[in-house]
Novice: 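I'd like to ask you about the structure that follows.
The sequence lines fix the lettering, A, B, ..., with proteins before strands; numbering per chain opens at 1.
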Amino acid sequence: MASNLIFQCPDSMTDAITHYCPGCTHGIIHRLVAETLDELGLRERTVGVAPVGCSVLAYNYFNCDFLEAAHGRAPAFATGLKRARPDLIVFTYQGDGDLASIGTAEIIHAANRGEKFTTIFVNNAIYGMTGGQMAPTTLPGQVTTTSPFGRDVQTCGYPIRVRELLSALRTPAYIARVAVHTPRHVIEAKKAVRKAFQYQVQGRCFSLVEVLSTCPTNWGMTPIESTQWVQDNMVPYFPLGELKVPEEE
Amino acid sequence: MASNLIFQCPDSMTDAITHYCPGCTHGIIHRLVAETLDELGLRERTVGVAPVGCSVLAYNYFNCDFLEAAHGRAPAFATGLKRARPDLIVFTYQGDGDLASIGTAEIIHAANRGEKFTTIFVNNAIYGMTGGQMAPTTLPGQVTTTSPFGRDVQTCGYPIRVRELLSALRTPAYIARVAVHTPRHVIEAKKAVRKAFQYQVQGRCFSLVEVLSTCPTNWGMTPIESTQWVQDNMVPYFPLGELKVPEEE
Amino acid sequence: MRAGAIHYFAYPITPQTEVAEYLARRMPEVGGVFLQAESEVAASNMIFGAASAGVRVFTTSSSPGISLMSEAMSYIAAAELPAVFVNIVRNGPGLGGILPSQGDYFQATRGGGHGDYRLLVLAPSSVQETVEHVMLAFDLADKYRNPVMVLGDGLIGQMMEPVDFSSVPTPHPPDKSSWATTGCKSRKPYLIKTLFLDPQQSEEHNRKLAAKYDEMRKHEVRFEKYNIDNDCKVVIVAFGTAARVCKTAVDELKRNGLRVGLFRPISLFPFPYEPLHEISETGTVHALLVVEMNTGQMIDDVRLAVADRKPIAFYGRQGGMVPSPEEVLGEIHQLI
Amino acid sequence: MRAGAIHYFAYPITPQTEVAEYLARRMPEVGGVFLQAESEVAASNMIFGAASAGVRVFTTSSSPGISLMSEAMSYIAAAELPAVFVNIVRNGPGLGGILPSQGDYFQATRGGGHGDYRLLVLAPSSVQETVEHVMLAFDLADKYRNPVMVLGDGLIGQMMEPVDFSSVPTPHPPDKSSWATTGCKSRKPYLIKTLFLDPQQSEEHNRKLAAKYDEMRKHEVRFEKYNIDNDCKVVIVAFGTAARVCKTAVDELKRNGLRVGLFRPISLFPFPYEPLHEISETGTVHALLVVEMNTGQMIDDVRLAVADRKPIAFYGRQGGMVPSPEEVLGEIHQLI
Amino acid sequence: MQIEVKFAGFGGQGILSAGKFLAEAGLHEGKEVVWIPSYGPEMRGGTAYCTVVVSDHAIGSPVINNPAHLIAMNRPSLEKFAPTVKPKGIIIVNCSLIPITSNRTDVTEVLVPCNQVAIELGNPKGANMVALGAYAACSKVVALDVLEAIVRHEFEKKPAFIDENIAALRRGAEIAVEKVESLR
Amino acid sequence: MQIEVKFAGFGGQGILSAGKFLAEAGLHEGKEVVWIPSYGPEMRGGTAYCTVVVSDHAIGSPVINNPAHLIAMNRPSLEKFAPTVKPKGIIIVNCSLIPITSNRTDVTEVLVPCNQVAIELGNPKGANMVALGAYAACSKVVALDVLEAIVRHEFEKKPAFIDENIAALRRGAEIAVEKVESLR
Amino acid sequence: MPLVQIEKDRCKGCELCVRACPQEIISMSREINTKGYFYAQVVEQPRCIGCRLCAITCPDVAILIRVNGVSYRFFAY
Amino acid sequence: MPLVQIEKDRCKGCELCVRACPQEIISMSREINTKGYFYAQVVEQPRCIGCRLCAITCPDVAILIRVNGVSYRFFAY
Ligand SMILES: Cc1ncc(C[n+]2csc(CCOP(=O)(O)OP(=O)(O)O)c2C)c(N)n1
Ligand SMILES: Cc1ncc(C[n+]2csc(CCOP(=O)(O)OP(=O)(O)O)c2C)c(N)n1
Ligand code: SF4
Ligand code: SF4
Ligand code: SF4
Ligand code: SF4
Ligand code: SF4
Ligand code: SF4
Ligand SMILES: [Mg+2]
Ligand SMILES: [Mg+2]
């Protein structure tokens with residue numbers, strides 16, 4: 001009897017070894033997107049938009065057309081691209097510094113215009129690439145290089161919940177938050193990513209999946225500790241689940 | 001018996017005749033702010049920040065220190081100013097193009113950091129100064145020079161409700177929406193403006209009052225028709241009232 | 001044809017609105033997209049995204065808005081994508097005003113964004129030429145895969161002048177299938193990026209860009225000589241609106257029997273150094289007069305062309321003031 | 001003293017982080033505010049707001065971030081406010097990389113924002129000098145009420161070198177009560193603005209700014225002559241890191257008995273045209289060599305200084321490559 | 001022949017559109033034409049003006065310091081621009097809002113109560129058209145019926161405005177003719 | 001005297017901090033010192049290196065194409081930089097991860113199994129310290145006890161790290177001394 | 001008795017005060033002011049109740065109100 | 001019987017798979033790979049139930065799983 005592969009690298013991924021740190025869940029999130037492109041047969045008509053952040057090199061790992069945007073501007077890029085070629089499947093992959101700080105205006109307006117692309121929003125509560133500065137999503141009390149005594153909500157405010165913020169817009173959209181720190185969460189996350197792309201394929205709406213991710217390096221933890229930290233600290237502040245589905249309209 | 005003034009120009013206003021079009025309610029909103037500064041005795045320690053928009057010349061009408069910000073950046077200005085001199089009373093006065101379009105990131109982050117200044121947000125559903133282009137707050141179907149067939153929610157999305165969007169942030173704030181199209185509404189508006197400044201005086205929180213305003217010129221209506229349009233079209237989409245008060249926390 | 005369609009993303013700013021609306025209305029083959037962006041930053045990055053798909057793109061703005069686009073311009077040049085920027089310059093710096101100015105000459109020809117890149121810059125001096133330059137800009141942008149800027153000013157921007165469309169070249173968008181990111185069906189994935197972590201590769205990329213700019217210097221120099229012949233005593237150098245004003249002055253001088261010519265750079269980058277140099281070497285020329293609507297920017301390029309073999313005088317107006325022919329005459333009389 | 005406190009607003013970007021942290025840690029009188037902004041656009045406008053209150057302000061960034069600040073820079077210059085910008089230049093254009101470069105010379109000296117304004121630009125070539133320049137920048141910014149840029153590069157930015165703080169000048173913030181917007185108690189309201197709708201006023205304002213830049217040209221020219229004497233055969237012109245490399249080359253040449261000097265512009269605006277011109281006039285000098293970490297930007301200024309009386313050679317590395325002393329030696333040998 | 005005319009008044013008086021109509025009419029008559037607003041709609045209030053140049057040959061400098069003709073719709077405009085008008089020029093003064101005259105003796109100065117006339121015609125916004133009609137009649141730069149055609153074309157989509165604006169043009173022209181004759 | 005040393009390996013191996021310790025030690029000994037990372041933390045993975053220059057006099061060009069010494073922590077680094085080392089230089093090879101040698105006969109090449117040693121010491125992240133200790137012992141650019149003092153200072157706030165890192169330094173030094181002697 | 005003064009040359013003729021007045025005693029003049037606007041006028045001053053609604057609604061601070069007797073400069077409306 | 005293959009040189013030693021495996025049959029080697037990481041190994045292959053949790057959680061696609069018999073390449077997890 002032949003031996004069958006039941007798990008392997010998706011076609012939509014190259015076999016390059018990523019530059020991500022050991023245990024960094026950027027890698028899992030990449031795979032979920034790639035599997036979805038495979039499963040929905042979208043690879044050949046997909047264009048990905050990379051952010052500036054640790055995932056700036058995402059294009060080395062995805063086996064489809066890719067663009068590299070300016071820091072925070074991926075949603076504007078994707079808007080231009082998708083408006084020019086509505087037949088393409090377009091997604092942006094953005095970190096929390098990229099999307100929730102410098103790129104705030106771009107994501108809000110893309111979501112509000114109902115641009116028909118998909119955003120994978122990787123929230124690791126820190127600026128990974130630049131060495132661990134405070135992000136808009138850094139938790140209260142969390143130590144970073146620019147909040148050495150822990151984020152002080154009196155001077156820096158509370159972390160921004162992107163899912164909730166975007167859901168406050170009236171334009172129909174699919175907006176969900178998931179996590180990938182345990183296999184069970186990965187399985188849930190996959191469903192959300194799939195749904196997000198399906199809405200795009202149907203030309204329905206803007207879709208965004210916020211994924212709680214780890215940054216063992218800048219959190220100063222082991223990968224295992226990091227996943228625990230997601231569970232203990234991030235999930236309570238950033239509740240998981242869908243907050244907005246276009247069917248509501 | 002001496003004759004007493006019961007209504008006159010507030011001390012915090014100069015007696016220059018404004019450049020605003022006849023019936024434009026920017027003038028009323030100016031007066032409400034100036035009266036508040038008078039009443040709370042703040043004039044001499046207040047610095048206003050003017051936007052770029054029809055109210056760019058606000059500084060000609062206020063009798064206090066004033067800055068003129070770059071388009072959309074008044075909240076960043078105010079942040080710098082207030083952080084440097086927390087003893088000052090700082091307010092920004094911004095239009096909907098300024099605040100809700102180009103300046104989206106700045107207002108969201110200022111609100112989220114809980115900057116202790118006050119924003120008067122004048123929502124007239126259009127870009128007044130540049131001649132009537134579509135604003136993020138332009139109503140569905142509303143005709144503007146860049147939406148000649150009426151705002152199409154399929155391609156431009158629904159109008160942004162700034163009050164609701166900012167209220168989705170977790171950081172305590174005072175956020176209210178008022179209107180000035182009838183005397184009764186002006187009276188309510190005044191209360192909200194006063195409260196907003198009071199919170200600042202107490203060093204409590206960020207405060208923002210969204211004021212529904214008219215633009216007879218670019219709406220192509222008489223002033224009276226404009227006030228009716230506010231009532232019939234804006235108020236239903238932009239409900240009035242406080243949405244967030246710091247006491248909740 | 002999709003590739004012929006023109007996609008336009010912009011944010012309102014006076015005085016570009018008129019031009020934008022005019023161009024959008026008149027450009028014959030518009031079958032593309034118009035979208036009002038939330039800011040100039042977004043508009044310029046939408047341009048970037050759409051250009052990646054191989055469609056023709058342009059945006060229009062005015063000085064402060066152009067400053068906000070400078071990051072994206074640098075990126076677009078680095079990514080070697082064709083895109084057209086129209087800057088209807090207004091008086092600055094800062095918010096300034098909405099009056100005509102030439103204060104963005106340096107920004108257009110040398111600065112703006114970070115890094116070693118250049119925009120190809122065209123400076124029309126009439127409404128007719130503006131329309132022609134925009135069409136030409138699309139072709140040049142495609143040819144060099146580099147952003148092209150049309151540098152007008154508020155006066156040209158708001159002037160109403162008849163336009164003859166028969167002389168506007170028809171566009172020839174080239175085939176972009178060798179790089180446009182439109183899905184990797186039956187080919188390898190394409191990648192459009194500007195990150196070069198390896199210094200060797202980065203240096204190579206810089207040199208490739210530099211070589212392209214050299215090509216432009218060879219092939220895209222454009223200028224106009226007006227009333228320049230072998231016995232000119234003074235040569236005026238001016239571009240755009242200032243040149244138009246100077247033409248009237250030159251006509252007037254001619255009527256009075258004075259031999260003064262006008263040299264009008266049309267491409268500001270590449271600047272017509274050689275032709276201007278040659279003219280300045282003419283024996284009869286004993287001085288040049290640079291006229292600009294700023295405090296002296298193009299004069300650097302004139303000096304680079306002429307070295308200091310001939311004296312170079314400057315006349316400038318600022319703040320939205322346009323020099324009048326009479327003022328130019330006055331300056332000339334001082335030189336003769 | 002409040003006015004002595006330094007307020008710092010910035011957005012993270014490599015390779016400025018080190019400098020920022022270093023300066024913030026070491027600057028003795030820091031009693032001010034540090035706030036991480038949501039973007040460079042915001043950071044530069046926070047600077048603007050805080051500067052209006054009369055406090056000393058600075059921000060640090062690197063190339064792409066500086067592009068995003070260019071609108072604000074133009075505004076700050078127009079509003080005549082003192083502010084310090086540190087640009088730790090990285091290789092570009094676009095995202096480029098994080099390696100040292102001098103690709104932003106044009107942007108710093110002539111472009112960036114829109115309109116007729118200039119930054120005063122200082123280019124240190126060691127960590128020590130960087131610290132000194134930043135302190136000097138605060139004083140110059142206050143003196144001229146104009147933004148001052150310290151233009152470093154990733155190499156200086158990331159280099160660890162001992163610093164002698166005793167030679168760092170103590171700051172002398174002037175009294176700003178005649179314009180700082182701190183509430184109008186017992187005086188007329190102050191207004192800080194950049195809008196000038198009236199062309200006369202706008203022109204006046206432009207001329208006022210231009211006069212200030214002329215003042216800088218008179219008083220703020222800074223440069224270093226290294227091994228330049230009356231019998232130099234070749235003069236190298238280089239700034240920042242490139243100059244440091246060239247010094248090693250000059251030392252080496254000296255050991256070999258070759259008479260080569262180095263001219264290092266320290267103020268890039270105002271550029272030391274006069275002193276360089278004089279040196280180039282020295283009889284023994286038969287060529288100049290410009291060394292830059294870009295494809296040739298400062299060379300324009302060198303040519304403006306020298307005209308074409310002496311041949312000017314260029315050696316450039318790009319993309320984060322730093323020329324080595326050996327390469328410079330090679331170039332010199334070709335010239336001698 | 002080249003004629004330059006400056007329309008000046010305050011924002012909201014329809015200065016720019018009156019100038020535009022004149023320019024369109026010139027174009028329609030086969031002339032070279034340039035229309036330059038002093039500034040766009042970015043600012044309201046304050047003084048607004050536009051310059052229209054109508055010429056038989058290509059137009060050089062669009063910068064006109066000394067126009068041949070001036071239409072002054074409010075007092076500051078008259079004070080500012082009257083001294084710049086070329087000798088033998090024409091000045092139309094909206095005497096509804098301007099209690100003074102230019103004091104120039106080397107020009108033809110025609111006083112037209114534009115606002116009053118417009119109010120009388122039941123079209124208070126039509127003062128600019130009254131002025132334009134008066135100007136066309138005095139200067140003969142373009143024919144009145146060409147102007148009328150332009151008005152018809154411009155208001156194609158708002159036919160209600162056509163008649164009242166044409167009435168304003170005509171009334172303005174009539175008054176001007178009377179006044180000019182009385183000046184003789 | 002001026003000594004240039006290049007530390008090279010991949011991101012995460014502690015290359016930059018090992019170099020920093022060396023530079024700090026040089027400073028502490030009153031020398032002129034320059035430490036230049038190849039790039040900052042913006043990118044992880046890939047090859048990372050830093051250059052440290054320690055000198056008795058002011059340091060000119062910080063650009064060192066031909067270092068006197070090299071510490072190669074992984075194979076690509078050795079392949080890339082070994083040919084650039086000056087004759088009579090020193091190359092420390094982390095033979096835990098590098099199965100080859102430089103093939104150069106004009107330099108002193110010392111093979112140190114840094115990772116193994118670190119693992120044996122129960123401090124798998126300490127491979128960089130092993131290498132640093134080995135290097136200091138071979139080159140004598142700085143004294144071992146000065147390095148130890150720097151380590152103490154740097155980990156002031158994390159005292160748990162002090163002992164294990166000093167142990168790694170010492171063990172590296174011991175091995176190097178043995179190896180160098182065996183080379184004689 | 002309250003006295004309402006409308007400053008003729010500040011008025012831009014928007015008519016908001018006309019609509020606001022509960023006593024319907026404000027109307028627009030048939031004359032224009034120096035800016036060319038028909039301006040607002042109080043036509044039946046004696047019927048004025050001093051409610052200030054006209055002033056509250058005027059965008060151009062063109063209306064001034066006086067009374068004889070006690071009054072408060074800072075009123076909470 | 002499911003066969004789990006861990007590619008030694010792709011593994012970065014994060015140990016997430018070790019924690020994920022319900023059968024507790026993955027552990028870290030005492031050797032390092034060419035990148036210097038202790039890599040993961042399946043130590044009791046026969047007890048593997050083919051649940052794929054290890055692979056699902058591996059950030060580096062270092063794990064490949066085979067079974068004998070019918071299987072689906074696209075599985076909805
Ligand atoms: C205009 C600009 N500003 C700043 C940077 C520097 N920068 C690069 S990535 C980054 C933030 C990365 O954080 P995040 O988006 O959260 O991604 P992560 O690395 O955490 O995945 C910053 C600030 C830049 N490249 N460009
Ligand atoms: C960077 C920049 N972009 C665009 C403009 C042009 N501009 C001036 S005001 C304005 C919008 C005004 O609309 P809004 O903020 O709604 O104010 P309103 O005039 O309606 O009160 C725009 C786009 C500018 N001055 N600067
Ligand atoms: S720095 Fe953080 S986010 Fe970036 S690759 Fe490493 S662990 Fe992942
Ligand atoms: S254009 Fe609109 S917003 Fe601006 S002053 Fe006129 S009516 Fe008011
Ligand atoms: S105070 Fe009241 S009653 Fe008197 S005029 Fe004004 S609105 Fe009318
Ligand atoms: S509300 Fe004011 S501006 Fe309007 S008509 Fe009345 S008095 Fe005049
Ligand atoms: S498939 Fe399941 S049982 Fe088998 S090794 Fe992986 S996690 Fe363990
Ligand atoms: S999860 Fe993957 S990378 Fe991590 S230890 Fe297991 S096999 Fe290695
Ligand atoms: Mg992050
Ligand atoms: Mg508005």
Novice: Any salt bridge between D/Asp142 and D/Lys176, counting N to O under 4.0 Å?
Specialist: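 Yes.
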
Novice: Of the backbone (N, CA, C, O) and the side chain (C-beta and beyond), which part of D/Leu191 lies under 4.5 Å from a heavy atom of chain B, both, or neither?
Specialist: both

Novice: Between B/Phe91 and B/Phe66, does the ring centroid distance fall short of 6.0 Å?
Specialist: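 Yes: the rings meet the under 6.0 Å criterion.
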
Novice: Quick test of your reading of the model: are B/Glu210 and B/Arg177 salt-bridged, counting only N-O distances below 4.0 Å?
Specialist: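 Salt bridge between B/Glu210 and B/Arg177, a charged N being under 4.0 Å from a carboxylate O: yes.
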
Novice: Would you mind listing every side chain to side chain donor-acceptor pair (under 3.5 Å) that reaches into residues 180-192 of chain D, with sequence neighbours excluded?
Specialist: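 Passing the test, one end in residues 180-192 of chain D: B/Asp65-D/Arg187.
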
Novice: Can you tell which part of B/Ala50 gets under 4.5 Å to a heavy atom of chain D, answering side chain, backbone, both or neither?
Specialist: neither

Novice: Mind jotting down which residue pairs meet the salt bridge (charged side-chain N to carboxylate O under 4.0 Å, His left out) criterion with at least one end in residues 45-54 of chain D? Sequence neighbours excluded, please.
Specialist: none

Novice: Hey, which of D/Thr194, D/Asn45, D/Ile192 has the most heavy atom pairs under 4.5 Å with chain B?
Specialist: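 Heavy-atom pairs under 4.5 Å are most numerous for D/Asn45.
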
Novice: Salt-bridged, B/Lys82 to B/Glu115, with N to O below 4.0 Å?
Specialist: no

Novice: Relative to chain B, which segment of D/Ala78 carries a heavy atom at a distance below 4.5 Å: side chain, backbone, both, or neither?
Specialist: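 For D/Ala78, there is no contact with chain B at all, as no heavy atom is under 4.5 Å.
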
Novice: Does any backbone or side-chain atom of B/Ala78 lie under 4.5 Å from a heavy atom of chain D? Answer side chain, backbone, both or neither.
Specialist: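 Contact with chain D is absent: no heavy atom of B/Ala78 under 4.5 Å.
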
Novice: Given a strict heavy-atom distance threshold of 4.5 Å, which part of B/Arg43 is in contact with chain D: side chain, backbone, both, or neither?
Specialist: both

Novice: Where does B/Leu67 contact chain D at under 4.5 Å (heavy atoms): side chain, backbone, both or neither?
Specialist: both

Novice: Counting heavy-atom pairs under 4.5 Å with chain D, which one of B/Asn63, B/Thr46, B/Val90 comes out on top?
Specialist: B/Asn63

